[in-house]
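Convention: sequence-line order gives letters A, B, ...; per-chain numbering from 1.
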Amino acid sequence: MNFLSVVTPELLLVCTVLAPGIVFLVVAAAWLVGWKPAEKTFARITNGTFAFSALMFAALLLRMFQGGLTSLSAGKGNWYEVHTFRIPLTLFVDRLSVPLVALTVVLCGMVGVFARRYLHRDPGFYRFFLLLHLFAFAALLVFTAASFDLLIGGWELICVTSVLLIAFFQQRPAPAKNSIRVFATYRACDVGLILGAFLLHHATGSTLYESVFSGSWPTQGSAVQGGLATAIGCLLLFAAMGKSAQVPFSGWMPRAMEGPTPSSAIFYGAISVHVGAYLLLRSQPILAASPVASAVVVAVGVCSALHGTLVARACTDAKTSLAYSSVSQLGLIVAEIGFGFSWLALAHIAGHAIVRTLQFLKAPSALHEFHGMHAAAGGHLAPTGSHYERLLPAKAQSWLYRLAFDRGHLDTVIDRFFAGALTRFAVRMTSLEVRWAHTRTMAGVLRSERRFND
Amino acid sequence: MTELAAPVLTAAVVLPLAAALAAIRVRQDSHAQRVTVAAIGASLLLGVEAVREVMSTGGSLLPERWMWLGWEWFAVDGLSAVLMVLFPALALVTLLAAPRRDVDRRFLITALVIVSGTLATYSSQNLLVFLAGWTVSLLPFLMRGRHGPWFAISRFTMMGSAGALCVAITINGMSAAGAGQADWFSMAGLSHGAGNPWVFGALVSAAVLRTGIFPAHRSVAASLGAGAVLLSTLLMNAQMGLFLMARLAIPLFRDMAAEVLPWLFGLALFTCLYMAVLGLAERKPGALLATVFVSQSAGLFAGLLTATAEGVTGALLQWIVLTVCATVLTVVHRCLQARTDGHAGEEAYMGLAARTPRFAAFFAVSALALVGMPGTLGFSGEDLLMHGALSVHPWLGAALPIAIALNAYHVFRLFARLFLGKESGSLSSVPDALPRERWALSACLVALVWLGVAPAQAVYLRAPAARAILGHAPAAESHFP
């Protein structure tokens with residue numbers, strides 16, 4: 001049998017996606033029953049996994065290039081099926097997902113190499129590498145899912161790995177608190193994705209991209225139009241706002257910086273924050289079918305870009321400043337998607353991911369590098385951005401500074417008027433119920449109880 | 001095959017009861033424990049045999065050949081066969097992984113009585129057996145000491161559920177006698193009362209009270225959070241209210257169900273969301289877990305009432321997930337309480353992950369599976385459940401994903417409080433999961449992940465039950481525009 005006929009492009013795609021997931025499952029199960037590999041061994045396994053995935057993907061690209069294919073589907077049949085509802089187990093790559101899959105495999109591998117030394121002898125070394133594998137699998141699943149249902153699977157796994165890595169330094173209470181906050185934001189926004197996927201299912205009978213969209217990316221048409229397209233577009237935007245830290249949900253981004261630097265780089269610089277933008281890019285035909293949804297996307301993007309750049313200037317530490325710079329860039333990407341500049345947004349995502357990963361990985365030595373640059377410039381490094389400030393009156397400058405310093409008051413508003421109100425309602429209802437339990441209404445029950453016990 | 005080849009159901013019910021009697025006579029706790037494990041293990045194997053026979057016939061109802069006193073007592077079908085395996089398996093996990101200080105003779109006897117009563121209810125073909133199993137499984141709970149007004153109210157609620165069931169069976173028996181039927185208490189004979197709204201009302205009341213649907217929500221949560229939590233969780237895992245709806249109320253009262261189910265569906269969804277919101281005010285880990293369990297149970301109840309293939313199958317899958325996850329979460333929490341002298345989760349952050357990483361892993365995976373983490377059966381179950389609820393009523397159905405998101409927040413908050421944060425100096429000697437705990441809990445996680453990666457197997461196992469419920473359920477009226 002010819003070897004090349006066995007190694008089909010479909011198999012190469014499946015191997016690319018599944019490799020980190022299988023390694024995660026095997027190592028996690030072995031650890032659960034008592035096996036703990038040496039740091040060196042685990043690092044080698046990680047390097048081997050991502051090298052294997054990269055090789056498989058390179059081979060896949062070669063085969064697609066040779067065959068003149070612009071997209072490829074792998075897998076037939078359904079993951080599960082109930083009556084007319086079915087979740088197809090199909091992976092899919094096209095011109096949109098190829099660069100993102102390549103970025104994921106390469107950057108995860110690089111971060112793995114970096115983290116081997118960065119986390120050497122850290123008590124959470126194994127945890128980090130386990131979660132890195134799970135994250136890589138989840139991100140690859142999002143980028144190669146052929147349906148919104150399968151995409152939700154990867155999407156939620158990214159959420160879990162993200163919050164577990166934010167709580168990585170578990171001996172401090174701050175990461176624990178911040179991980180809870182990030183988890184709450186993620187899960188609240190995921191409701192939008194679930195409802196959006198349901199509406200798509202209802203409208204087209206399936207959430208497979210081939211049922212929802214016609215043609216090939218980026219010149220696709222949408223099967224849903226009018227008010228339904230607006231509703232679905234807005235729901236998907238809501239989900240993307242959570243993952244890509246758009247206003248008013250951007251408050252989780254600086255909190256997520258509690259995690260180790262390699263995880264900040266891969267999650268909040270490179271891959272995870274761009275997943276929301278990917279969702280919008282993937283559903284761009286739906287947005288294009290609704291001027292209202294497109295306008296909302298542009299408005300959210302522009303607001304986030306302005307908010308990000310304003311707050312980043314008032315931040316006092318490198319990672320938070322980088323986080324808000326990311327928010328700003330993501331806002332621009334979202335606005336580009338709203339305007340329909342799909343290729344520009346994709347190039348922006350790729351460029352931003354690479355640059356931001358580098359910046360995050362260099363953040364721990366940023367002060368050292370600044371001193372080097374300062375000395376090389378003869379001690380005359382001028383602060384940037386001051387020429388913008390001069391354009392504003394002093395009163396506006398101080399007002400904007402206060403606004404930026406409290407990060408646009410967004411967290412305060414959410415805490416006071418939403419989370420706080422809900423908690424107060426819960427406390428009030430609980431106290432009412434407790435009072436009810438002690439009223440005369442229940443006295444009879446209590447009397448019968450006493451008789452029963454006597 | 002039209003009937004079971006051997007009296008496996010009778011044996012599965014009687015063995016734990018006989019073991020309970022034997023355990024009363026045995027003097028040492030260790031001997032009683034061996035007897036208990038052997039009896040529940042035997043029930044589990046008999047349940048596996050029942051599943052094998054039922055699945056070989058495509059999930060049809062298989063009665064036992066032996067008819068005591070001329071009545072059919074026990075039968076098994078696609079709905080009850082899986083539960084006949086699941087329930088003893090979870091009881092076994094609880095017994096093996098429970099802290100040794102909890103497992104005394106009283107605990108063992110109680111567990112055996114609950115297992116016997118529950119299996120009797122699952123496999124009953126006779127209404128008297130159904131009522132006896134329902135009541136017997138409640139007896140240990142009713143006999144427990146007092147734990148404040150909430151516990152009193154929850155005891156009243158449980159007694160109310162048994163009373164309502166008793167009323168339904170009595171009215172039905174009277175109408176059967178009036179109609180000149182010989183077998184007053186056969187399950188099939190319940191259709192004599194199909195036109196009687198009192199019978200239907202009493203059955204629904206019993207199911208609502210036992211599951212903890214509003215206004216019984218708080219009392220059921222209190223029953224889970226007080227006293228011996230492992231036994232309370234075992235009792236909740238039986239999910240008798242759901243079983244009553246699936247076995248009797250929906251199939252046998254088709255016309256009345258068509259009118260009542262939409263209202264009940266709304267009430268169940270309200271309970272699901274309301275309990276999830278109330279969780280925000282809970283600070284004690286046990287009470288918070290109980291709140292989440294009741295909220296999730298109400299979600300299952302709503303799924304069952306959608307009368308759609310997705311909703312019913314989702315509810316049946318989530319039934320497995322809820323019971324497995326509740327067992328793991330309660331056992332881990334109880335083990336930690338035993339190791340920390342009852343303070344697990346009372347402090348702001350306990351930082352136990354450093355000392356007990358495996359417990360942390362068990363807790364995290366099962367907590368997230370409960371709220372639909374991908375890679376576990378919870379993902380498929382929640383997905384189907386939400387599709388079912390949303391397809392029946394999109395506005396009301398939207399409460400379900402919101403409630404699940406809130407419950408996810410609660411379980412992660414609890415995980416953070418137990419396992420994250422600075423480790424207290426007094427907890428430096430807390431040991432991680434012992435081998436017996438590790439293997440028992442690992443088996444639960446493997447089952448969740450295995451069925452999560454290949455959910456088609458779970459769907460296949462539950463398909464006959466879903467078909468049976470849907471075959472009898474009135475078609476749901478979709479409110480989708």
Side-chain angles (χ1 to χ4, degrees), chain A residues 25 28-29 31-34 78-85 87 123 127 138 149 152-157 160 163-164 167 170-173 175-177 179-180 183-184 187-188 190-191 194-195 198-199 201-202 422-423 425-427 429-431 433-434 437-438 442 445-446 448-449 452-453, chain B residues 145-146 149-150 152-153 155-156 218 274 277-282 308-310 313-314 348-349 351 353-354 358 361 364 368 372-375 379-380 383-384 386-387 390-391 394 398 401-402 405 408-409 412-413 416-417 419-423 438-439 442 445-446 449 455-456 458-459 466 480:
Chain A
L25 267 184
W31 172 79
L32 215 53
V33 292
N78 298 314
W79 193 19
Y80 56 94
E81 182 179 359
V82 175
H83 194 47
T84 56
F85 178 83
I87 304 265
R127 198 157 24 102
D149 283 320
I152 292 174
W155 185 276
E156 292 193 357
L157 276 179
V160 171
V163 294
L164 289 177
Q170 56 200 24
Q171 66 278 15
R172 290 190 287 121
K177 276 183 193 164
S179 66
I180 295 173
F183 188 72
R187 287 303 300 233
D190 286 356
V191 173
I194 291 165
L195 293 177
F198 166 75
L199 283 180
H201 202 279
H202 178 76
L422 206 58
T423 308
F425 172 76
V427 170
M429 292 314 293
T430 303
S431 70
E433 288 188 354
V434 169
H438 289 89
M442 295 313 296
V445 177
L446 295 173
S448 69
E449 269 297 307
F452 185 82
N453 286 322
Chain B
R146 292 193 59 198
W150 275 124
I153 294 167
R155 184 183 279 176
F156 182 76
R218 183 62 85 167
Y274 182 62
V277 172
L278 287 192
L280 292 168
E282 289 293 352
T308 59
E310 296 95 325
T313 311
Y349 288 99
R358 286 187 177 81
L368 293 171
M373 184 173 78
F379 179 70
S380 319
D383 193 31
L384 288 167
M386 284 190 272
H387 269 273
L390 286 164
S391 61
I402 295 169
Y409 166 71
F412 190 76
R413 184 163 59 106
R417 281 186 63 188
F419 295 103
L420 305 182
K422 188 172 164 42
E423 182 193 347
R438 204 184 294 172
W439 286 103
S442 292
L445 291 203
V446 167
V449 173
V459 171
F480 211 92

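- A:N78 does not touch chain B: none of its heavy atoms, backbone or side chain, sits under 4.5 Å away.
- Atom CD1 of residue A:I87 and atom CZ of residue B:F379 lie 6.5 Å apart, to the nearest 0.5 angstrom.
- Of all heavy-atom pairs spanning B:V277 and A:F425, the tightest one is CG1-CD2, 3.7 Å.
- Of all the listed residues (A:V427, A:L157, A:I152, A:L25), the one sharing the greatest number of non-hydrogen pairs under 4.5 Å with chain B is A:L157.
- In terms of heavy-atom proximity, B:Y349 sits nearest to A:A176 at CE2-CB, 3.8 Å.
- For the atom pair B:I402 CD1 and A:L195 CG, the distance stands at 7.0 Å (nearest 0.5 Å).
- When heavy atoms are compared at a cutoff of 4.5 Å, B:V459 approaches chain A solely by way of its side chain, counted from C-beta outward.
- Separating the NZ atom in A:K177 from the CG atom in B:L420 is a distance of 12.5 Å, to the nearest 0.5 Å.
- The ring pair (Phe, Tyr, Trp, His ring centres under 6.0 Å) search around A:F183 returns B:F412, not counting sequence neighbours.
- Interface summary for chain A: among B:A458, B:G372, B:A281, B:A364, the most heavy-atom pairs under 4.5 angstrom belong to B:A281.
- Rounding to the nearest 0.5 Å gives a distance of 9.5 Å between CH2 of A:W79 and CG of A:D149.
- A:W155 is not listed as a side-chain neighbour of B:P374, based on a closest heavy-atom distance of 4.5 Å or more.
- In terms of the ring pair (Phe, Tyr, Trp, His ring centres under 6.0 Å) criterion, residue partners of A:F85 (sequence neighbours excluded) are, by chain and number, A:H201, B:H387.
- Of the atoms belonging to B:T313, it is side-chain heavy atoms, and not backbone ones, that fall under 4.5 Å from chain A.
- Heavy atoms closer than 4.5 Å to chain A are found in the side chain of B:L368, but not in its backbone.
- No other option in A:H83, A:R172, A:R187 has as many heavy-atom pairs under 4.5 Å with chain B as A:R187.
- Distance check: A:E433 CD to B:L278 CG gives 5.5 Å after rounding to the nearest 0.5 Å.
- Within the 4.5 angstrom heavy-atom criterion, only side-chain atoms of B:V449, from C-beta onward, approach chain A.
- When heavy atoms are compared at a cutoff of 4.5 Å, B:A361 approaches chain A solely by way of its side chain, counted from C-beta outward.
- With chain B as the partner, the residue from A:A167, A:G153, A:P173 showing the most heavy-atom pairs under 4.5 Å is A:G153.
- Comparing A:T84, A:L164, A:T423 by how many heavy-atom pairs each has under 4.5 Å with chain B, the most go to A:T423.
- Both the backbone and the side chain of A:W31 come within less than 4.5 Å of a heavy atom of chain B.
- At a 4.5 Å heavy-atom cutoff, the contact between A:L422 and chain B is made by backbone and side-chain atoms alike.
- For chain A, the nearby part of B:R438 is the side chain; its heavy atoms alone come within less than 4.5 Å.
- For a residue to count as touching a neighbouring chain, one of its non-hydrogen atoms must lie under 4.5 Å from one of that chain's; by this rule A:V160 touches chain B with the side chain only.
- Residue A:S431: no heavy atom, backbone or side chain, is found under 4.5 Å from chain B.
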